[in-house]
Structure formats: C-alpha cells, structure tokens
Amino acid sequence: MQPPAEHVHWLFATGFLILGLCLLAEAVVGTEVWRRRAWRAYLWPGLAFTLGLFMWPVMVFFTSSTLHMLAHGAWAEVLMLAGAVELALVRGKLQSRWWSLATSAAFVISGAAFFVHEQNAWLYQRSAFLHHALGWTMLGAAVFPLARSFRPRSQAALAGFALTFVLVAVFLYSDRDTASIFGHISPQAGAPHR
Amino acid sequence: MRRLLLLGGLAALALPAPAFAHATLEQTSPGFRARVETSPRVVTFKFDQYVVALPGSVQLFSATGPISVRRVWTNRRLLEASLPRLHKGAYTVRWHAMSGDGHVVWGVFTFGVRARAPAPTEAYGASGPTRTEDVVRWLYFLSLALLVGGLGFRLLVARRPLPRRFYVVTAIGAAATLNVGIAAFILRSEDALQLPFGRLLYGDLTPIARTRFGTAFIVMTLGFALVTGLLFLSWVSDREALLWPAFLLGLAFASGLSLSGHSAADRGSSWKSELADWAHLSAACLWIGGLVQLVAVVWPLLPELRRAAFLAFSRLATVCVGVLLLAGTYLSVLRLPRLSDLWTSGYGHILLVKIGLVALALAWGGLHRVLAVPAAERGGLLPRLRASLVGESMVGMTVLLVAAILVNAKPPG
C-alpha cells in the first residue's frame with residue numbers, strides 16, 4: 001500500500017526546510033561562528049546526501065510512468081552527488097573550490113527534470129503550477145552555488161542558497177494530489193481531493 | 001582527471017530525462033495477473049484523471065493471437081471494453097488512452113480464465129531479451145565485479161588502506177550498478193509493453209514492477225544505493241570498517257539476480273540452484289573485480305605491495321575458480337539434463353562457447369599459478385606480469401559477456 005504522493009512530498013518538504021534553515025542560520029551568524037561546533041559544518045551536506053538516499057524508494061515504488069521514475073532517479077542521484085561533494089569539501093577530501101560547481105550542476109539538472117516532468121500549462125492544476133515554479137526556482141538558484149565557487153565568503157550567495165531550499169519546502173508543502181491553483185483547475189484534471 | 005570524472009558523472013546523471021502528470025491507472029478489472037473462474041464480460045480501467053478512448057484503445061490477445069473487442073467506451077475516469085466469451089487460457093490486454101493533458105498513456109496486463117496468468121514480461125507479443133539487453137546485462141555484471149570484487153580485494157587480499165583510485169574504481173562500479181539496473185528494467189518494460197521509446201516514456205511500468213524481475217530490481221536498487229552510501233561514508237570519514245557492511249550487503253543484494261533468473265523460475269529450480277547461481281556470480285565478481293584492482297591500483301601505485309598482493313590474490317582466485325567450476329557444473333547439469341542438448345540446442349551452443357572461454361581463462365590463471373606464484377614466493381616477480389594479468393581480466397570480462405547472453409537465453413525443455 002503506497003502513501004499518497006502528497007504525503008511523500010510533505011516529508012521531503014520537511015527535509016528541505018531543515019536544510020534551508022541550517023543554511024540560513026549560517027548566513028545570519030556567519031560561517032566562522034556557525035562552524036565553531038565542527039559537526040555543524042556537516043549538517044546540511046549530510047542532510048542533502050540522506051535526502052538523496054531516501055529518494056530511491058520514491059523512484060522504485062512510484063512506477064506509474066517511465067518519465068516519473070526517471071525524474072526521481074535523477075533527483076536521487078544529484079542530491080547524493082551534491083551532498084557527497086560538499087561533505088568531501090568540508091572534510092578536506094576534495095580541495096579545489098571548483099568542486100562546488102557540482103551543486104550548481106545539480107540545481108540545473110533538477111530544474112530541467114521538473115520542466116520535462118510537467119507537460120501541462122501553469123494553471124492546469126496545483127501540481128502543474130508547482131512543478132513549473134520549482135523548475136524555474138532551481139534553474140535560477142543555480143547561480144548561488146556558482147557565485148559561492150567564485151566568492152566562497154559571500155553572505156548574499158549563502159543567503160540566496162538557503163532561501164532556495166526554504167522556497168522549495170514551501171512549494172512542496174503546498175502540493176495536493178489534485179487541487180486548484182488560484183481557484184483554477186482544468187476540468188480534465190479530475191475531481192479535487194479537497 | 002577528476003574534472004573528466006565529474007563531467008562524465010554529470011552527463012550520466014543528465015541522461016535519464018524525467019517527466020509526469022498524466023493519467024495514472026489506479027485499478028483494473030480483472031486485476032493484474034488475476035485468475036478468474038468465468039469469462040469476464042467487460043474489462044475496466046480506472047484512472048486518476050478523465051481519459052478519452054482512441055481507436056484500438058483496448059486490444060485483447062490470447063496465447064495464439066488477437067481477439068476482437070466488441071466495443072470500447074469511456075465514462076469520466078473509466079475506460080471500458082466489452083469482451084466476447086473467453087475460453088480457458090491466458091490473455092494479454094494492451095491498452096492506451098488519451099489523458100486530460102492530451103498525452104497518450106500506455107500499458108499492458110495479463111489475466112487468466114481458469115488458468116494461470118503469465119507475467120507481463122511474457123505477455124503476448126513480448127519477444128524476450130534483445131541483443132541490447134544482453135549488452136546491458138553484461139555491463140551489469142561488470143559493474144558488480146568492479147563494486148563487489150573491488151571491495152573483496154580490499155578486505156580479503158590487500159587488508160590495508162588503498163589509494164584513492166580504489167574508491168574511484170569501486171564508486172564507478174556502484175554508480176554503474178544503479179544506472180545500468182535502471183536501464184535493464186526499462187528495456188524489459190519496453191519489450192513487455194511493446195512500445196517504441198518515445199511512447200514508453202508515458203508507459204505504466206507498475207505491472208512489470210510486480211513481477212519477480214521487478215521485485216529484484218526494486219530490492220537491488222535500494223540495496224546498492226545503500227552500499228553506495230556506505231562506500232562514500234567510508235571514504236569521507238576514513239572509517240574503513242564501513243567497507244565490511246558495504247561488501248557483505250553488496251554480496252547479499254547480488255543474489256537478486258539469482259532469485260529472479262532461471263535458477264529461481266525454471267523447471268527443477270530450488271534453493272540449491274539459487275544458492276549455486278549466487279555462488280557462481282559472487283565468485284566471478286571477486287575474481288574479475290580483484291584482477292582489476294590488482295592491475296589498476298596495486299601495480300601502478302603500490303609497488304611495495306605487488307608481490308604480497310599477487311600471492312594473496314592467487315589464493316583467493318583459486319578458491320573462486322573452485323566455486324565457479326562446482327556451481328557452474330551443477331547448474332549446467334540442471335539446465336541441460338541430456339548431454340546432447342549441448343550441441344542440439346541454442347542454449348547448449350552458447351554454453352559451449354562459455355566453457356571454451358572459461359577453459360582459456362583457467363589455463364591463463366593456471367600459468368600464473370605454475371610460473372608466477374613460485375617466482376613471487378622466491379621474492380621476485382616475472383617481467384610483463386601486469387600485462388599478463390590484464391589479458392586474464394580481459395578474458396574474464398569476455399566470459400561475463402557470454403554469461404550475459406546465456407542468462408538471457410532460454411534453456412531447452
């Protein structure tokens with residue numbers, strides 16, 4: 001028995017919210033203060049890596065279409081990759097700051113996955129709107145890790161990076177399996193769940 | 001080199017192009033692979049969105065060919081078709097419908113009237129594994145060898161920390177195991193659904209996920225994702241003890257192939273055949289993956305370890321070859337009860353090619369045992385030994401290719 005897709009989205013929203021809040025706290029107090037406790041440096045990359053691991057069950061259990069399956073597979077891999085690279089950078093296993101570009105690339109791939117994932121127009125129903133919004137958010141937000149590759153101490157880039165995850169969490173919390181968006185739902189989409 | 005690997009990894013991740021939001025099939029009547037006692041008058045599909053029927057939306061096939069469906073209609077989220085009276089036997093239903101967003105979704109399911117329903121992978125029209133599937137299966141074996149064999153080499157042969165290249169090689173194996181596994185599942189689904197790739201993107205894979213093959217895919221994907229996580233954590237935290245659970249889990253999840261293949265499903269299969277198949281596969285992975293580590297990591301980067309590693313690997317390889325031969329012989333006898341099957345059946349022909357290649361690999365390894373091991377025990381190493389080890393591993397990989405073709409072939413009877 002599978003849980004409704006919206007429940008799975010809410011669980012991931014919680015993960016992204018914690019991740020975003022950790023990053024936001026780091027942006028507010030500054031990286032130096034944030035990392036006075038060594039474990040805090042591992043917090044967000046570790047969480048990203050774990051979210052990537054948890055995306056695999058979503059990929060293998062929700063097989064209603066090939067595209068749906070492949071989209072979640074791509075998200076699982078980029079989350080694990082971005083988390084792994086950042087963990088290795090914090091740990092000192094990787095030295096070159098250009099490795100941060102992996103996170104940027106992960107954002108671009110995730111955004112592209114959302115665009116291909118959603119074939120309907122923005123106002124078809126709520127999930128269509130959210131998929132488009134998430135796609136553009138991820139694509140636009142790719143600039144933040146890119147900026148951090150060039151200016152690792154930029155607080156603005158870190159804050160933008162953090163707020164991206166908070167926004168992603170808000171979008172995911174707003175998801176319902178079939179629901180209207182701004183009072184609009186296509187008659188083709190079926191009956192709203194609530 | 002690292003940048004190249006990063007680019008390669010990202011390109012591989014970009015390959016699976018994602019999507020969704022079309023009608024999803026929630027329920028059918030008769031159900032997936034259901035056995036019904038009386039001929040159903042109507043076949044019903046319930047979707048989560050409104051759907052529109054298209055010409056030929058519902059096609060029915062018996063084991064011998066198509067059966068005309070009387071009438072197809074839709075009622076909001078329901079697609080229905082009235083059926084003629086069906087006799088005892090297995091039936092395949094291929095369906096497609098236009099979902100609300102204008103995209104056509106596709107699928108297949110099977111049911112039986114007073115008979116067992118076949119798996120969707122054996123539905124009417126499914127032609128069985130193709131050459132592409134043979135190649136994908138081979139790549140899967142190679143990936144497993146890099147991952148499980150690499151870990152086995154580090155823990156059973158080297159027994160000391162190895163340079164970063166060890167992690168690079170095993171990580172390539174881990175990533176490839178996950179991605180090649182996905183490719184294998186989609187290829188099998190493509191055959192079951194009988195759809196070109198463009199349409200397959202909107203195909204419902206749930207019936208295939210419910211087969212023995214699909215269950216193995218699910219369990220192995222989850223298992224190897226976990227193994228990948230452990231491998232990474234071991235590297236990043238310098239806790240090499242984590243390699244043990246990664247290795248043992250890798251070995252355990254490799255059994256998914258044995259539990260979903262001929263050794264589990266064919267005539268005469270039992271827990272003994274499943275165990276033999278798993279032992280056969282594990283021994284091959286340890287042997288070939290170990291050779292790769294010896295050639296790619298120890299020889300170029302750890303000259304001081306060459307002799308000890310070669311001797312220790314030689315002992316492990318002897319055990320692996322023994323297990324390979326015992327398990328392989330048992331499985332061959334099980335699948336080919338008559339000796340004449342070897343030269344009268346297609347399966348037998350492939351097995352003969354495999355036996356020939358295994359004999360070559362054994363002779364190669366035997367030469368190492370007779371010439372190189374005594375020299376190493378005396379404190380020296382034969383010149384050009386690395387090139388010879390490369391040759392042995394190449395023959396081993398070719399054996400895996402033939403094994404992949406053999407696994408996808410149907411044994412006689």
Side-chain angles (χ1 to χ4, degrees), chain A residues 49-50 52-53 55-57 59-78 80-81 83-85 87-88 90-91 93-94 96 98-99 101-102 105-106 108-109 112-121 124-125 127-128 131 177-178 186-191, chain B residues 2-3 6 9-10 12-26 47-50 52 76-77 99-103 105 164 175 178-179 182 185-186 189-190 197 200-209 214 217-219 221-222 224-226 228-229 232-233 235-238:
Chain A
F49 189 77
T50 310
L53 271 178
M55 190 68 84
W56 286 106
M59 183 257 190
V60 294
F61 287 118
F62 289 82
T63 50
S64 54
S65 87
T66 310
L67 281 171
H68 191 249
M69 207 181 98
L70 289 175
H72 287 88
W75 289 322
E77 295 199 42
V78 294
M80 278 180 78
L81 179 76
V85 165
L87 274 173
V90 172
R91 180 79 179 166
K93 287 280 182 179
L94 297 174
S96 170
W98 298 110
W99 275 105
L101 290 177
V108 172
I109 292 170
F114 274 111
F115 290 134
V116 187
H117 184 74
E118 183 54 62
Q119 303 284 314
N120 301 307
Y124 179 78
Q125 62 155 320
S127 68
H131 282 146
D177 284 346
T178 312
S186 164
Q188 305 283 353
Chain B
R2 276 186 303 179
R3 283 178 194 170
L6 172 66
L10 292 176
L13 292 177
L15 278 177
F20 193 78
H22 328 290
T24 300
L25 182 61
E26 289 184 331
F47 294 87
D48 67 340
Q49 290 179 16
Y50 298 167
V52 177
R76 295 158 69 93
R77 295 195 290 155
S99 56
D101 59 359
H103 281 93
V105 287
R164 183 186 285 185
L178 286 168
N179 287 294
I182 294 169
F185 179 74
I186 290 173
S189 304
E190 185 183 24
F197 189 72
L200 179 72
L201 292 176
Y202 303 101
D204 180 6
L205 308 189
T206 308
I208 295 93
F217 162 72
I218 290 171
V219 174
T221 302
L222 295 178
F224 284 112
L226 185 62
T228 308
F232 169 73
L233 287 178
W235 172 64
V236 84
S237 66
D238 292 315

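Naming: A, B, ... by sequence-line order, numbering from 1 per chain. From a predicted model like this one, the values you see are computed outputs, not experimental measurements.
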> What distance do B:T228 atom OG1 and A:F49 atom CZ have between them, rounded to the nearest 0.5 Å?
Replying inline: 8.0 Å
> Relative to chain A, which of B:L226, B:L178, B:I182, B:D204 shows the most heavy atom pairs under 4.5 Å?
Replying inline: B:D204
>> Which residue is it: B:T206, B:I208, B:I218? I am looking for the one with a side chain to side chain contact (heavy atoms under 4.5 Å, CB included) to A:T63.
In response: B:T206
> Mind checking whether B:L205 and A:H68 have side chains closer than 4.5 Å, heavy atoms only?
Replying inline: no
>> Taking side chain as everything from C-beta outward and backbone as N, CA, C, O, which of these in B:F185 sits under 4.5 Å from a heavy atom of chain A? Side chain, backbone, both or neither.
In response: side chain
> Using a cut-off of under 4.5 Å for heavy-atom pairs, which of A:A84, A:A88, A:A121 has the most such pairs with chain B?
Replying inline: A:A84
> Run the side chain to side chain contact (heavy atoms under 4.5 Å, CB included) check on A:V90 and B:V236 step by step: do they pass?
Replying inline: CA-CA 10 Å; A:V90 172; B:V236 84; over 6 Å; no
>> I'd like to know whether B:D238 forms a side chain to side chain contact (heavy atoms under 4.5 Å, CB included) with A:R91, so could you lay out the CA-CA distance, the side-chain angles of the two residues, the decisive distance to 0.1 Å, and finally the verdict.
In response: CA-CA 10 Å; B:D238 292 315; A:R91 180 79 179 166; 3.6 Å; yes
>> Applying side chain to side chain contact (heavy atoms under 4.5 Å, CB included) to B:F232 and A:M80, what does each step give before you reach the verdict?
In response: CA-CA 10 Å; B:F232 169 73; A:M80 278 180 78; over 6 Å; no
> Tell me, side chain or backbone of B:L200 under 4.5 Å from chain A's heavy atoms, or both, or neither?
Replying inline: both
> Within the distance-only criterion (no hydrogens, no angle test), does the side chain of B:R164 pair as donor or acceptor with the backbone N or O of A:K93 below 3.5 angstrom?
Replying inline: yes
> Heavy-atom distance under 4.5 Å to chain B: side chain of A:L53, backbone, both or neither?
Replying inline: side chain
> Given that the side chain runs from C-beta out, which part of B:A225 has a heavy atom under 4.5 Å from chain A: side chain, backbone, both or neither?
Replying inline: both
> Would B:T24 and A:F62 count as a side chain to side chain contact (heavy atoms under 4.5 Å, CB included) if you check the C-alpha gap in whole Å, the side-chain angles of each, and the deciding distance to 0.1 Å?
Replying inline: CA-CA 11 Å; B:T24 300; A:F62 289 82; over 6 Å; no
